[in-house]
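Written below as structure tokens is the structure these notes are about.
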Amino acid sequence: MSAIHPKITEVLTHTFKVPAAEIHPGSTMDSLEMDSLAVAEFAVLIRETAGRDRDFDQFPKNATLADITRFIDAADGSGARVGGGAAMSNAR
């Protein structure tokens, strides 16, 4: 298991009050009912918590938590897209 996964879970449950039972690898920001402001704040908090400066704007809107975890854990620095589709928009 990734070291970032517990941090993601902690941010979602403590800051955004997402029930832990709803947080699983296939969850998306939409399925967790995260609005555009929450998604932007989540990205900042994860960047600070993980100590990794990754560009979250590269995520497709339908990126799963598993996709996000792999992206954060990636050490290649290539900035390759995760998943498919259009880039994640902070608009709902």
Side-chain angles (χ1 to χ4, degrees):
M1 175 188 278
S2 169
I4 194 65
H5 181 74
K7 293 176 184 180
I8 289 172
T9 300
E10 181 178 341
V11 167
L12 289 171
T13 58
H14 292 234
T15 303
F16 300 102
K17 307 303 182 207
V18 174
E22 294 181 18
I23 301 170
H24 53 85
S27 298
T28 64
M29 294 291 116
D30 276 347
S31 72
L32 297 175
E33 299 183 8
M34 302 275 286
D35 65 18
S36 60
L37 183 58
V39 170
E41 186 177 354
F42 172 77
V44 170
L45 290 170
I46 290 300
R47 238 179 282 166
E48 291 173 355
T49 300
R52 297 184 181 125
D53 190 22
R54 301 299 307 252
D55 184 5
F56 285 85
D57 291 337
Q58 296 180 29
F59 284 119
K61 185 167 174 45
N62 61 346
T64 65
L65 293 182
D67 293 333
I68 294 168
T69 298
R70 281 191 296 273
F71 181 75
I72 294 169
D73 284 341
D76 61 41
S78 68
R81 280 190 179 275
V82 175
M88 181 187 288
S89 166
N90 287 339
R92 269 189 163 234

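Every value quoted in this text rests on a predicted model; they were computed, and no experiment measured them. Numbers for residues simply follow the sequence, beginning at 1.
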query: So, do Ile8 and Phe42 sit near enough that their side-chain heavy atoms are less than 4.5 Å apart?
result: yes

Smallest heavy-atom separation, Met34 atom then Leu12 atom, equals CE-CD2, 3.8 Å

Between Pro25 and Thr64, the two heavy atoms sitting closest are O-CB, 3.2 Å

Would you confirm whether Ser31, through its side chain, and Ser27, through its main-chain N or O, come within 3.5 Å as a donor-acceptor pair? no

Any side-chain heavy-atom pair of Glu48 and Leu45 under 4.5 Å: yes

Here the pair of heavy atoms bringing His5 nearest to Thr69 is ND1-OG1, 4.4 Å

Using side-chain heavy atoms (C-beta onward) and a distance below 4.5 Å, is Leu32 in contact with Glu22?
yes

For Thr28 and Asn62 the tightest heavy-atom approach is CG2-O, 3.5 Å

Here the gap from Phe16 atom CZ to Met29 atom CE, rounded to the nearest 0.5 Å, amounts to 8.5 Å

The reported gap from CZ in Arg70 to CG in Leu65 (rounded to nearest 0.5 angstrom) is 10.5 Å

